[in-house]
Amino acid sequence: MAKNKTVFFCKSCGYESSKWLGQCPGCKEWNSFVEEPAAKKNTIGLTIGQDRIQMMKPKKLSEVETEEELRTKTEIAEFDRVLGGGIVKGSLVLIGGDPGIGKSTLMLQVGKKLSAMKKQILYVSGEESLRQIKMRADRLGTFEGDIMLLSETNLDTIESQTEQIHPDVLMIDSIQTMYKEDVAASPGSVSQVKECTSGLLRIAKGLGVTVFIIGHVTKEGMVAGPRLLEHMVDTVLYFEGENSASYRILRAVKNRFGSTNEIGVFEMESDGLKEVVNPSDYMLKGRPQDEPGSVVSVVLEGTRPMLVEVQALVCKTNFNMPRRTAAGTDFNRMNLLMAVLEKRLGISMAFCDAYLNVAGGIRVGEPALDLAIVAALLSSYKNHALKDKTLVFGEVGLTGEVRGVSQAQQRVAEAEKLGYELCILPKANVEKIGDKKIRLLGISSVREFAKLL
Ligand code: TYD
Ligand code: MG
């Protein structure tokens, strides 16, 4: 008997090869190839009937309906914004995120809103029983409309059910549990995930059903991650957040129907996800007043300015090697800024432990936070608090210069909106910002800043 044919796939990007390779030529990942049975070919297009055949006919450009008319707002403003203004008919949306972050909850809440608008929803779960879904739904409050539930992992069944019911929105929870019978590999493997997604793509485009696919971002060596699906779908959203914090950020990484600069902020409460309309307020909740080492700054999340608190604790070390940690920002950046302080201000921090934290559990990678980090470190070192209602932003260079940052105007506007009275910012940014109620103080070096303290 002939040996079953197998192929090798890269776990991270889905690159296919007939041989095992040490390094993936596609994504340059090492040791990422797994062996899987070869998928049977020639199965495409047989499952979806008439609608698909009609789709295959060419259409006149003038007859094609535009997406604007086919958008539906879910009335969850944070969700709509990330999608570019509502869900688009016939689009395929991937929602990725760590297990337990709230993807199923988000989908159910979207379903709840849409069903109240008399939209037909089919929610397919391969992870939970109908009772479990019902229990979660009960936590979210009463449903005005109704949604259809299906506990199923066989994608062929799901396809035929979808054809029969013809819902407006199909939700798949999660892609890693789905399988197609004619693919020999197990659910969650690269070939299953790929085949199932192309099946769902046909449903979305052929029937004009909006399909949401939930995908777990998995740890190394586990089942195929959603990354390999990114090129197949229209929109990729990632749902992120720190385990310890209750806020969640929904971020678009790819969007064929809108900008990828948008984020939505939610908070997980006991009765579901709540929109956070004012993230700045939320991030600064519980901030200490007049304490050395606490500095407010403003960062951009996508296109939204958001106030954050940077905290530093600098104290004499008890070890030969001073301890340094940075939470919520780059550790190397902090070391670099401390070196700048030592060299440019002649401060010796060599015998000091230094701990840095961006409060609220958010992660900031923006250089605009530099000046706030410097300010917090200095403020803690000198044990001298910044004035209340003061905020700081700017990039710090290696010679200790303070450089301009992008979208300074929006940052200042956000600070003003929240009642801040003094903004210390790069001199280069001051001129472009017109008259403001908030006092602007432009500085050009960290030395100038140290004098201010
Ligand atoms: P879930 O949506 O199941 O996560 P995912 O589908 O991404 O794996 O939600 C997971 C967590 O959210 C779970 O730990 C319980 C919590 N949760 C709440 O805090 N409040 C709620 O109302 C609900 C439904 C869940
Ligand atoms: Mg889930």
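Both counts, for ligands and for their atoms, begin at 1 and track the order of listing.
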Only heavy atoms of I101, strictly under 4.0 Å: list the atoms of ligand 1 that pass. 4 (O), 7 (O)

Which residue and non-hydrogen atom of the protein lie closest to atom 14 (O) of ligand 1, and at what distance in Å? G100 O, 4.5 Å

Salt-bridge criterion met for E421 and K387 (N-O under 4.0 Å): no

Pull out every atom of ligand 1 sitting under 4.0 Å from any heavy atom of S270, numbered as shown with elements. 20 (N), 21 (C), 22 (O)

E262 side chain vs A252 backbone, donor-acceptor pair below 3.5 Å: no

Member of I95, L155, V193 meeting the side-chain contact (heavy atoms from CB on, under 4.5 Å) criterion with I175: V193

Check contact between E127 and ligand 1, using heavy atoms of the residue and a distance below 4.0 angstrom. no

Any carboxylate oxygen within less than 4.0 angstrom of a Lys/Arg side-chain nitrogen, looking at R136 and E128? yes

To check your reading of the model: name the closest protein heavy atom to atom 6 (O) of ligand 1, its residue, and the distance in Å. S104 OG, 2.6 Å

Side-chain (E152) to main-chain (T157) donor-acceptor, under 3.5 angstrom: no

Numbered atoms and elements of ligand 1 in range of E269, under 4.0 angstrom, heavy atoms: 18 (C), 19 (O), 20 (N), 21 (C), 22 (O)

If the cut-off is 2.8 Å, does any N/O/S atom of S104 fall short of it from the Mg ion (ligand 2)? yes

Could you tell me which atoms of ligand 1, counted from 1 in the order shown, lie closer than 4.0 angstrom to a heavy atom of G272? 20 (N), 21 (C), 22 (O)

Enumerated ligand 1 atoms positioned under 4.0 Å from heavy atoms of R136: 1 (P), 3 (O), 24 (C)

Please report whether ligand 1 has a polar contact with K103, defined as an N or O pair separated by less than 3.5 Å (distance criterion only). yes

Answer yes or no: is there a donor N or O on one side and an acceptor on the other, between the side chain of K113 and the main chain of I76, under 3.5 Å? no

Is it true that E78 and R248 have a side-chain N and a carboxylate O under 4.0 angstrom from each other? no

Any salt bridge linking R411 with E414? Criterion: basic side-chain nitrogen under 4.0 Å from a carboxylate oxygen. no

closest protein heavy atom to atom 15 (C) of ligand 1 is R139 NH1, 4.3 Å

Give the residue, atom name and distance (to 0.1 Å) of the protein heavy atom nearest atom 16 (C) of ligand 1. M268 CE, 4.0 Å

Counting N and O atoms only, with roles assigned by atom type, does the side chain of Q109 sit under 3.5 Å from a partner on the main chain of L140, one being a donor and the other an acceptor? no

E36 side-chain N/O to S191 backbone N/O, donor-acceptor pair under 3.5 Å: yes

Shortest protein contact, atom 9 (O) of ligand 1 (heavy atom only): T105 OG1, 3.5 Å

Nearest protein heavy atom with distance in Å, relative to atom 4 (O) of ligand 1: G102 N, 3.1 Å

Could you tell me which atoms of ligand 1, counted from 1 in the order shown, lie closer than 4.0 angstrom to a heavy atom of D271? 22 (O)

